[in-house]
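Every number for a ligand or one of its atoms is a count from 1 in the order of the listing.
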Amino acid sequence: MASISQSQLRSFKAALKEAKKPVALAGAGLSAASGIPTFRGAGGLWREHDALSLATPEAFSMDPSKVWQFYHYRRETCLRASPNSAHRCLAKLLSPSQRSKYLPSSGSLHLITQNVDGLSARAGTEIGEDHVTSGGILEMHGSLFRTVCTSCNDVRPNFESPISEGLRGTEDPSLEYRETPLEGLPRCENLTRWSRSIQPCRGLLRPGVVWFGESIPALDEIYEILEGCDLIMVLGTSSTVYPAAGFAGQVKMNGGRVAVFNLECGPQDRIHADWLFQGAVEELLPLALGIETQ
Ligand code: BV8
Ligand code: ZN
């Protein structure tokens, strides 16, 4: 069981009570306890490919079969997973009816997540609330459960399993890799006008995530939120991918305070953190916030 020094805990709880514009920034460590592999370490590899090398537009145009099998594998893993106590903790803070108990001085909490697994949103659904539509959760790198058509740009949610017949079974990493033909990959159902008839577009879909080299759609909104932030909780991220890796420093520069929750604390954390809670976020966050999540 991870431990926290009493003095750290007392001063952090006092800061929570005063916080007017608290923000939580999450990374893969938030979902580790739900069985979702992180990008660092062993989890960062899929079929001997470095996960980050597959998350690029170039990789998709070169080999859409491989990239789709990679995302199909992650979708199936996330569909079988469940939110953990850290996700549930944040869902209570995001809940308008429960927030005031834990954040008495703040009218809002924003969760900015780098995770595309949809587990934070599901923790909200579990308590009957939609924190994505309410703007409480910002999925800054998109979602595995959204598709974008590369022909007509249609964007829509997609929780189908498998997402296409051609990908059925390919999620089993023990199986030899076999290319999925293009027509077996996810195709667009958006009805479009062809001369006098209406037909499905059938364009090739891509996962609704932000790939390396692509800009963050909600970045302006995020900088607005960070502008007045007086307390940021940095949860299970290695702070190596930008622009997210610069957010804690931004808040610090604006006079806000930083609390880091991580199994191991990186160089950035040591520079910015006013509170360093070293350990499993699914244990330390409920403890630090005094929230029951069982
Ligand atoms: C852009 C979606 C520009 C897809 C992802 C400045 C300097 C250097 C480089 C750049 C720079 N600015 C931009 C770049 C380039 C690049 C970048 O940052 N590269 C890095 C590698 C150096 N950034 C980009 O390309 C961004 N776009 O800049 O566009 C632009 C501007 C205008 C016009 C055009 C373009 C886009 C970045 C987004 C890429 N997409 N994900 C997908 O998921 O497939 S990033 C992806 O990787 C994740 O979303 C996340 O952001 C990142 C992984 O980091 P973490 O989540 O932190 O995970 P990690 O495994 O690394 O760490 C886990 C941590 O948890 C560890 O610390 C561990 O100790 C801890 N932990 C584990 N278990 C637990 C725990 N902690 C607590 N409890 C536990 N139980
Ligand atoms: Zn289309």
Look only at the side chain of [X] and the backbone of [Y], and say whether a donor-acceptor pair between them is shorter than 3.5 Å.
| X | Y | answer |
| --- | --- | --- |
| Ser5 | Gln8 | yes |
| Glu171 | His72 | no |
| Arg122 | Ala81 | yes |
| Arg187 | Leu182 | yes |
| Thr125 | Ala121 | yes |
| Ser95 | Ala91 | no |
| Asn115 | Ala28 | yes |
| Ser106 | Lys21 | no |

Nearest non-hydrogen atom to [atom] belongs to which of [options]?
| atom | options | value |
| --- | --- | --- |
| atom 78 (N) of ligand 1 | Leu284, Asn262, Val281 | Val281 |
| atom 59 (P) of ligand 1 | Gly27, Gly246, Ser238, Gly266 | Ser238 |
| atom 49 (O) of ligand 1 | Gln114, Glu283, Glu282 | Gln114 |
| atom 26 (C) of ligand 1 | Phe212, Tyr71, Tyr242, Trp211 | Tyr242 |
| atom 79 (C) of ligand 1 | Ala26, Cys265, Gly29 | Gly29 |
| atom 4 (C) of ligand 1 | Thr237, Leu235, Val210, Val116 | Val210 |

With heavy-atom distances below 4.5 Å as the criterion, would you say the side chains of Lys17 and Tyr102 are in contact?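 They are not in side-chain contact.
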Pick from Ser143, Ser34, Ser31: which one makes a side chain to side chain donor-acceptor pair (under 3.5 Å) with Asp117?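 Checked Ser143, Ser34, Ser31 against Asp117; only one passes side chain to side chain donor-acceptor pair (under 3.5 Å): Ser31.
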Top protein contact for [atom], by heavy-atom distance:
| atom | answer |
| --- | --- |
| atom 38 (C) of ligand 1 | His141 NE2, 3.5 Å |
| atom 34 (C) of ligand 1 | Gly213 O, 3.6 Å |
| atom 52 (C) of ligand 1 | Val241 CG2, 3.6 Å |
| atom 53 (C) of ligand 1 | Phe39 CD1, 3.6 Å |
| atom 76 (N) of ligand 1 | Leu263 N, 3.3 Å |
| atom 33 (C) of ligand 1 | Ser215 CB, 3.8 Å |
| atom 58 (O) of ligand 1 | Ala28 CB, 3.4 Å |

Specify side chain, backbone, both or neither for Glu214, according to which of its non-hydrogen atoms lie closer than 4.0 Å to ligand 1.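 Backbone only.
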Would you please name every residue forming a side chain to side chain donor-acceptor pair (under 3.5 Å) with Asn158, sequence neighbours left out?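 Checked Asn158 against side chain to side chain donor-acceptor pair (under 3.5 Å); matches are Arg75.
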Yes or no: does [X] have any heavy atom under 4.0 Å from an atom of ligand 1?
| X | value |
| --- | --- |
| Ala244 | no |
| Arg74 | yes |
| Ala33 | no |

I want to know if ligand 1 touches Ile216 in the polar sense, i.e. an N/O pair below 3.5 angstrom.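 No.
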Protein N/O/S atoms under 2.8 Å of the Zn ion (ligand 2)?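 N, O, S partners closer than 2.8 Å: Cys149 SG, Cys152 SG, Cys188 SG, Cys201 SG.
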Which atoms of ligand 1 are found less than 4.0 Å from any heavy atom of [X]?
| X | value |
| --- | --- |
| Ala280 | 78 (N) |
| Gly279 | 77 (C), 78 (N) |
| Thr240 | 20 (C), 22 (C) |
| Ala55 | 44 (O) |
| Ala32 | 73 (N) |

Regarding [X] and [Y], does a basic nitrogen lie under 4.0 Å from an acidic carboxylate oxygen?
| X | Y | result |
| --- | --- | --- |
| Glu139 | Arg146 | yes |
| Asp274 | Lys252 | yes |
| Glu189 | Arg202 | yes |

Going by atom types alone, do Gln199 and Thr192 pair a side-chain donor with an acceptor below 3.5 Å?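 Note: Gln199 and Thr192 side chains miss the donor-acceptor criterion.
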Would you say the side-chain atoms of Trp275 and Ser11 include a donor-acceptor pair closer than 3.5 Å?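 Yes, Ser11 and Trp275 have a side-chain donor paired with an acceptor closer than 3.5 Å.
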Straight-line distance of Lys92 NZ to Glu129 CD, nearest 0.5 Å: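 It is 11.5 Å, given to the nearest 0.5 Å.
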